[in-house]
Number of protein chains: 4
Amino acid sequence: MDEADEDIAADGARRRWKQDPEAVRADILGAARKLFAQKGYSGARIEEIAALTACSKRMIYYYFGDKEGLWRAVLAEAYRRTREAEEALDLHGLPPAEALRRLADFTFENHAARRDFIRLVMIENVHEGAHMPQADEMSGPNLSVIRLLEDIYRRGLAAGIFRPGLTPLELHWQISALSYFNVANQATFSRIFGDALFTPEGQARLKRQVGESLLRFVLTPEAAARELP
Amino acid sequence: MDEADEDIAADGARRRWKQDPEAVRADILGAARKLFAQKGYSGARIEEIAALTACSKRMIYYYFGDKEGLWRAVLAEAYRRTREAEEALDLHGLPPAEALRRLADFTFENHAARRDFIRLVMIENVHEGAHMPQADEMSGPNLSVIRLLEDIYRRGLAAGIFRPGLTPLELHWQISALSYFNVANQATFSRIFGDALFTPEGQARLKRQVGESLLRFVLTPEAAARELP
Amino acid sequence: MDEADEDIAADGARRRWKQDPEAVRADILGAARKLFAQKGYSGARIEEIAALTACSKRMIYYYFGDKEGLWRAVLAEAYRRTREAEEALDLHGLPPAEALRRLADFTFENHAARRDFIRLVMIENVHEGAHMPQADEMSGPNLSVIRLLEDIYRRGLAAGIFRPGLTPLELHWQISALSYFNVANQATFSRIFGDALFTPEGQARLKRQVGESLLRFVLTPEAAARELP
Amino acid sequence: MDEADEDIAADGARRRWKQDPEAVRADILGAARKLFAQKGYSGARIEEIAALTACSKRMIYYYFGDKEGLWRAVLAEAYRRTREAEEALDLHGLPPAEALRRLADFTFENHAARRDFIRLVMIENVHEGAHMPQADEMSGPNLSVIRLLEDIYRRGLAAGIFRPGLTPLELHWQISALSYFNVANQATFSRIFGDALFTPEGQARLKRQVGESLLRFVLTPEAAARELP
DNA sequence: GATGAATGAGTGTTCATTCAT
DNA sequence: GATGAATGAACACTCATTCAT
C-alpha cells in the first residue's frame with residue numbers, strides 16, 4: 001500500500017490475463033464443485049482444487065473465506081442451477097396427467113444427467129444439512145416445483161381424474177425419492193444386485209415405471225384404467 | 001514378584017474383560033460404526049474411535065489393519081445384519097397384497113430405525129462403492145428379499161390380482177428408493193421444504209403412501225379398486 | 001492493524017532471514033546431511049533434522065516431498081561436491097608417477113576429511129544404491145577422475161614407465177578401495193586390531209603405503225627400482 | 001533354573017517338535033542375520049524376523065533380551081564363523097609368495113561369497129562399531145590371520161624376497177580393504193562407473209590384480225621382476 | 001488483487017516391547 | 001518354554017490456513 005504498490009496497481013498492462021473477479025469466482029467454483037463431488041468434503045483438498053484453477057490457493061481464501069465457505073458457495077450455486085432448471089419447466093399448458101408424467105420424466109433424467117449435483121446433495125446429507133443455503137433463499141411455498149405441482153394437481157382434481165387427499169409436497173417427495181435413489185445408490189445397489197437396472201435399457205424401463213407409479217398413485221381408479229395400459 | 005503381585009495374580013476377577021478377541025473386535029466395530037456413521041469416513045478419527053473403545057488405538061490396527069480395513073469390516077457387518085433382518089421376515093404365508101404392504105412397511109420402518117446403517121450406505125455411495133463386501137458374499141439370486149418378492153409376486157400373479165410384466169428386482173428397487181430417501185435425504189429435504197413430512201404424523205402418512213403407491217403400482221386396476229380405499 | 005503492527009511492518013530488519021528459498025534448502029540439506037551421516041537413513045528423525053534447522057518440519061516436506069526425497073537430495077549434493085573437488089584437481093602438468101601419487105594422496109586425505117560423505121555412501125550401499133542420483137547425471141566417460149587417470153596413464157605408458165594392460169577404471173577402483181576402507185571400516189577394524197593404524201602416525205604410514213602400493217602396481221619393474229626407495 | 005523348570009525339562013513328551021534351545025537360537029539367529037543384512041538394523045523388523053522363524057516373536061526376547069541383543073548375537077556369530085574360516089586356512093607349508101597370493105585370493109573370494117557378513121559389518125560400521133563383540137573375544141595378536149601373515153612375512157624376509165619395514169597388520173589391512181570394497185561398494189560404484197568390474201570376467205581380473213598388487217607391494221624389486229610377468 | 005513461502009495442530013500408522021495365560 | 005493379545009511412544013506425513021511481499 002505504499003507508493004511502489006500504487007505503481008503496480010496503476011499499471012494495467014502488467015496484470016495477468018485473469019483480472020475479472022466474477023470469472024475467477026466461477027473458475028474456482030467449477031473446480032471446487034468437481035472435486036467436492038468427486039471426493040467428498042473432507043476428501044477434497046484445497047490444494048487440489050487450486051491446482052484445477054487458473055489462480056493460486058490464496059485466492060480461494062480471498063474469495064470464499066475458508067473451506068466451509070467454499071463448500072457453501074458450491075452448494076448454493078448447485079441449488080441455484082437446479083431452481084433455474086425448474087423455473088424453465090413450463091408444463092402449465094399440458095393436461096394434468098401428461099404434465100405429471102413429463103415432470104417425473106424430467107426429474108429422473110435431470111438427476112441422472114447431473115450426477116455431480118446429486119453427489120453434492122449426498123455429501124451435504126452426510127453432514128446433516130449443516131451448510132445448506134439460507135432458508136429464505138430457497139425454501140418455502142414459493143419453490144417453483146411445488147407451485148407447478150400445485151397447479152397440476154389442482155387441475156387434475158378439477159378434471160376429476162386425480163384422487164383427492166394428496167399434497168403437492170408429497171408428490172414431489174415421491175418423484176424425488178425415486179429419481180434421487182436411482183443416481184445416489186447406484187454404486188451399492190448395482191454391486192449387490194447387478195447392474196441390470198443401470199444399463200440404458202434398464203434405465204429406460206425404470207424411468208417409465210417411475211412415471212407410471214406416480215400416475216397410478218395419483219389417478220382415480222377409473223382414470224387409471226382409462227389412461228394406463 | 002512381591003506379595004502385591006501375588007494378590008493380583010491370584011485375583012482372577014480383577015482382570016480386564018479383555019483377552020477375548022471376539023469381544024474386542026465387536027467393541028471396536030461398534031465404536032467405529034457409530035463414528036463413521038456420524039462423521040463420515042474421512043471425518044471419523046481413528047483416535048476418536050479408539051476413545052469410544054475399551055482398548056487402545058493400536059488394537060484397531062491389530063484387528064483391522066488400517067482405517068479402510070476397519071471401514072470395510074463395519075460396512076460388511078452392517079450389511080450382514082441387514083441380511084439377517086431380511087431372513088427373519090416370514091411373509092410367505094400371507095395373501096400377496098398384504099405381504100407386499102407388510103414388506104414395504106417393514107422396509108420403511110427398518111430404514112428409519114437404523115439411520116446409522118443408511119448413513120454408512122450413503123457414505124459408501126459417495127465412495128462409489130469401492131469398499132463393498134465381496135459380491136459373492138452378498139449378491140446373486142440368493143438374496144432373501146428378492147426371493148421373498150419373487151414368491152409374493154408369483155402368488156399375486158397366480159391370484160390374478162397383480163399386473164404381469166414386472167420383476168422382483170424392480171419392486172425391491174421401488175420399495176428401497178422410497179424408504180431410503182426418507183432417511184438419507186431428510187436433512188436437505190426438510191431444510192428446503194420444511195419438516196412437515198418428518199413429524200411422527202408426517203412419517204406415518206408417508207409410510208402409508210409408500211405402501212399404497214407400491215400396491216397401486218402392482219395391482220391390476222380391478223384389484224386396486226377392490227382392495228384400496 | 002494497530003500501532004504495534006505498524007512498528008513491525010516498518011521494521012524490515014526484524015524479519016526472519018527466511019523467504020530465501022535457496023538458503024532454506026541449503027539449511028535443511030546441511031542439517032539432513034549431518035543427521036543422516038550420524039544416524040543412518042532409518043535412524044535419522046525428520047523431527048530432529050528440522051530441529052537443527054531454522055525452519056519448521058513442514059518445510060522439509062515442502063521442499064523435498066518426503067524423507068526419501070530428502071535423502072536423495074542429500075546424496076546428490078554430496079556427490080556433486082565430490083565431483084567438484086575432482087574437477088578442481090589439476091594434475092595434468094605433473095610427470096605421470098608424481099601425478100598418480102598425488103591423486104592417491106588427495107583421495108586418501110579427502111576421504112578422511114569428509115567422513116560424512118563416506119558415511120552417506122556406506123548407508124546408500126546398505127540400501128543397495130536404490131536412491132543414487134540419475135546415472136546420466138554422474139556416470140559415463142565424462143567423469144573427471146577417470147579422464148584424469150586416463151591422461152596420467154597414457155602419459156606414463158608413453159614415457160615407458162607404466163606397465164601396459166591396465167585401465168583407468170581399475171586404477172581408480174584401487175585408489176578408492178584403499179581410501180574408502182580406511183574411513184568406512186575404521187570402527188570395526190580398530191576394535192578388532194587396535195587403533196595403531198588410525199593414530200596420526202598410523203594414518204601417515206597408511207597414506208604413504210597406499211601411494212606406494214599403487215605406484216608399484218603401475219610402474220614397470222625398472223621404473224619402480226628407479227623411482228621407489 | 002528352579003525345580004519347576006527341571007520338571008518341564010524332564011518331561012520330554014510334552015514338548016513341541018522344537019524343544020532344543022540351541023536349535024531355536026540357531027533358527028532365530030539365521031532369520032535375524034538374513035533380515036539384518038537385507039534391511040539394516042533399523043530397517044529390520046522384529047516381527048518380520050519372527051515370521052521367518054519357526055517360533056514366536058516372544059522367543060526372540062526370551063533368548064536375546066532385545067533387538068540390540070539380537071544384533072550383537074548375530075554379529076558375534078558372523079565374526080565367529082569368519083574366524084573359523086581363517087583357522088581352517090593352512091598356508092604355512094607354501095612358499096611365502098604363493099602363500100600370500102593364496103591368502104589374497106581366499107579373502108577376495110570369501111568376501112564375495114559371504115555378502116551377508118560384509119553387509120553386517122557395513123551396518124555395524126554405520127553404528128560406529130558400538131555393538132562389537134567383546135575385545136578379548138576376538139581381537140589381539142592371537143588372531144589367526146595375523147599369525148598367518150606374520151609367519152608368511154617372516155619366511156619371505158628370511159628368503160630375501162620380501163621388502164623389510166612392513167607389518168602383518170598392514171598387509172592384512174590392504175588385503176581386507178580391496179576385498180571388502182569389492183563387495184561393500186559395488187552398488188554405488190557400479191551405478192556411477194558401470195558394472196564392467198562386476199561381471200564374472202571383471203571379478204576375475206580384479207581378483208588377479210588384488211593379488212598382484214599385494215605381491216608387488218611386498219616383493220623386493222628383484223623378486224618381483226623374477227616372479228611376476 | 002495476487003503469490004510463493006511458511007506453519008501448528010493433527011492424521012494414520014508403526015515399532016519394540018510386555019502382559020495374561 | 002511358549003503364545004496371542006495388548007500397548008505407549010513415536011514416526012512420517014498432511015491439511016487448512018496465514019504471512020511477507
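Every chain is numbered from 1, with letters handed out A, B, ... down the list of sequences.
Distance, C:L70 CG to F:dC11 P: 16 Å, rounded to whole Å. C:R45 has its CZ atom 14 Å from the C1' atom of F:dC13, to the nearest Å. As a whole-Å value, the separation of B:I28 CD1 from F:dA6 C1' is 11 Å. Rounding to whole angstrom units, CD of residue B:E47 and P of F:dC13 are separated by 20 Å. Between the P atom of E:dT11 and the CD1 atom of B:I60 lies a distance of 14 Å, rounded to the nearest Å. Computed from coordinates, the D:K39 NZ to E:dC15 C1' distance equals 14 Å when rounded to whole Å. Atom P of nucleotide E:dT11 and atom CG of B:L35 are separated by 13 Å, given to the nearest angstrom. In this structure, B:F64 atom CZ and E:dG12 atom C1' are separated by 16 Å, rounded to whole Å.
In this structure, B:Y41 and B:H127 have perpendicular ring planes: the angle between them is above 60°, well past the 30° mark.
Between A:Y61 and F:dT17 there is a side-chain polar atom (N or O) within less than 4.0 angstrom of OP1 or OP2. Distances shown here put a side-chain N or O of C:Y63 below 4.0 Å from the OP1 or OP2 atom of E:dA6. Side-chain N/O atoms of B:Y62 include one lying less than 4.0 angstrom from OP1 or OP2 on F:dA5. Neither OP1 nor OP2 of F:dT18 sits under 4.0 Å from any side-chain N or O of A:R58.
On a pure distance criterion of 3.5 Å, no polar donor-acceptor pair joins the side chain of D:K57 and the base of F:dT3. Contact annotation: side chain of D:K67 to base of E:dT17, donor-acceptor pair absent below 3.5 Å.
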Q: Please step through side-chain contact (heavy atoms from CB on, under 4.5 Å) for the pair B:D27 and B:L52, ending with a clear verdict.
A: CA-CA 9 Å; B:D27 185 24; B:L52 284 183; over 6 Å; no
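Proximity of a side-chain donor or acceptor of D:R58 to a complementary backbone N or O of D:C55 within less than 3.5 Å is not detected. A donor-acceptor contact shorter than 3.5 Å links the side chain of D:E124 to the backbone of D:H131.
Across all strands shown, D:A44 has heavy atoms under 4.0 Å from sugar-phosphate atoms exclusively, and none from any base.
Residue-to-nucleotide proximity on DNA chain E shows that, of B:E68 and C:M59, the 5′-proximal contact is made by C:M59.
Shortest non-hydrogen contact noted between B:A73 and B:R25 is CB-NH2, 4.5 Å.
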